[in-house]
Amino acid sequence: MTEHAYEFTHAITRLPASSIVHGLRAEDVGNPDHAQMLQDHAHYVSTLHEAGAVVTELPALEAYPDAVFVEDVALCLPGVAILMRPGAASRRGEVGEMESTLREVYDEVLSIDGPGFIEGGDILITAKEILVGRSERTDAAGVAELAAIVSDRGYRLREVMTPEGVLHFKTDCSLLDAETILSTKRLAASGCFENYRVIHTCDGEEAAANSIRFNHLLLMPAGFPATRERLQAEGYEVREINNSECAKLDGGMSCLSLRFQAE
Ligand code: GLY
């Protein structure tokens, strides 16, 4: 199925626009500093390079403040990309802005047409299955439309629930390897990872859960030392990246890229 769930050759990112100060957020803890965000974004891209990625860096889109969070607009699977239909109305236009880039890479590009909604941040691909968390941004109809597309291609999709008050499913979890998930305790308590080995984020470090495994490296947000040490003790090769500005908009490591294996 998705045997290469953390092995990738390519990534797509988009530079943060100065309009980022108008980005969506659950709670207003101040505007992100654009200059700091550019610096962090450059570090993120250089770390993807270190992990072996060929990175396509798209230009900033001033019209769409949240467009730096490219993961939400598409799902990249071997052989097919699927354009999402974001639950946030202000983000729907980002999808069309991504389409031509995906068509350069993929022979087959499909789309979620609605009426449901689904965002890539709610989708975790593992070696066994595709997990989709229903959330404020992803509804049952959106999940059902994706399930119909991927089941035709031999994937098993399992619908789960994103914890209440959490933006996306992957705000609270990441894939560490073929059988291991990094998860907050609150998400793991739902039982959704019963068939996996789970490593919990340490108490008070829940925001560390939005990390990404890209080949041999684990990119995680800086500032969560207890969780970092736990992961290093398990043998993961960690790279920390400052995420203070994206965090003000509920964004993390996974949100900042689309990751895939070129054919
Ligand atoms: N600020 C990211 C989002 O709400 O989609």
Side-chain angles (χ1 to χ4, degrees), residues 11-41 44-45 58-76 82-99 111-112 114 116-124 131-139 142-143 146 161-174 184 187 206-212 219-221 223 241-259:
I12 299 171
T13 62
R14 186 180 289 288
L15 279 169
S18 53
S19 61
I20 193 78
V21 293
H22 303 300
L24 298 173
R25 63 205 78 181
E27 189 189 343
D28 197 352
V29 292
N31 282 330
D33 179 308
H34 186 234
Q36 180 66 50
M37 208 165 186
L38 284 169
Q39 198 174 311
D40 298 340
H41 200 262
Y44 180 83
V45 170
L58 300 175
L61 287 176
E62 290 296 337
Y64 298 104
D66 287 293
V68 66
F69 303 120
V70 287
E71 176 181 65
D72 292 320
V73 300
L75 178 66
C76 294
I82 304 155
L83 296 165
M84 300 283 105
R85 187 163 189 266
S90 67
R91 301 199 56 188
R92 295 228 179 103
E94 296 173 31
V95 177
E97 299 285 349
M98 181 59 72
E99 182 171 353
S111 59
I112 300 293
F117 308 114
I118 185 163
E119 297 190 358
D122 281 315
I123 305 173
L124 180 72
L131 285 157
V132 188
R134 269 171 54 190
S135 71
E136 291 286 314
R137 303 285 184 85
T138 292
D139 66 8
V143 180
L146 179 65
M161 296 304 290
T162 298
E164 199 158 334
V166 173
L167 175 61
H168 286 131
F169 186 63
K170 277 188 297 192
T171 304
D172 266 32
C173 65
S174 350
T184 60
L187 176 58
E206 286 71 19
N210 190 304
S211 295
I212 51 167
L219 282 67
M220 69 175 286
I241 295 168
N242 184 54
N243 191 54
S244 57
E245 306 316 294
C246 287
K248 293 173 184 169
L249 304 177
D250 312 306
M253 296 294 107
S254 75
C255 317
L256 293 170
S257 60
L258 286 166
R259 303 163 294 276

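Indexing begins at 1, ligand by ligand and atom by atom, following the structure's order.
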Asker: Please tabulate, one line per pair, the protein nitrogen or oxygen atoms found under 3.5 angstrom from a nitrogen or oxygen of ligand 1, with distances to 0.1 Å, or say none if there are no such pairs.
Answerer:
{"residue": "ligand 1", "atom": "1 (N)", "partner": "L24", "partner atom": "O", "Å": "2.8"}
{"residue": "ligand 1", "atom": "1 (N)", "partner": "D66", "partner atom": "OD1", "Å": "2.7"}
{"residue": "ligand 1", "atom": "1 (N)", "partner": "L249", "partner atom": "O", "Å": "2.8"}
{"residue": "ligand 1", "atom": "4 (O)", "partner": "R137", "partner atom": "NH2", "Å": "2.7"}
{"residue": "ligand 1", "atom": "5 (O)", "partner": "R91", "partner atom": "NH1", "Å": "2.7"}
{"residue": "ligand 1", "atom": "5 (O)", "partner": "R137", "partner atom": "NH1", "Å": "2.9"}
{"residue": "ligand 1", "atom": "5 (O)", "partner": "R137", "partner atom": "NH2", "Å": "3.4"}

Asker: Taking the side chain as everything from C-beta on, heavy atoms only, tell me whether D122 gets closer than 4.5 Å to F117.
Answerer: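 No; the side chains remain at least 4.5 Å from each other.
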
Asker: Kindly indicate whether the side chain of F169, heavy atoms from C-beta on, has any atom under 4.5 Å from the side chain of R137.
Answerer: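 F169 does not reach R137 side chain to side chain.
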
Asker: Residues in side-chain hydrogen bond (donor to acceptor under 3.5 Å, both in side chains) with S174, at least two apart?
Answerer: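 S174 satisfies side-chain hydrogen bond (donor to acceptor under 3.5 Å, both in side chains) with no residue once adjacent residues are dropped.
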
Asker: Show the numbers, then the answer: is there a side-chain contact (heavy atoms from CB on, under 4.5 Å) between I20 and L249?
Answerer: CA-CA 9 Å; I20 193 78; L249 304 177; 3.5 Å; yes

Asker: Mind running side-chain contact (heavy atoms from CB on, under 4.5 Å) on I112 and I82 for me, showing each step along the way?
Answerer: CA-CA 7 Å; I112 300 293; I82 304 155; 4.1 Å; yes

Asker: Could K170 and E71 be called an ion pair, given the rule that one side-chain N must be under 4.0 Å from one carboxylate O?
Answerer: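 Judged by the 4.0 Å cut-off on N to carboxylate O distance, K170 and E71 do form a salt bridge.
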
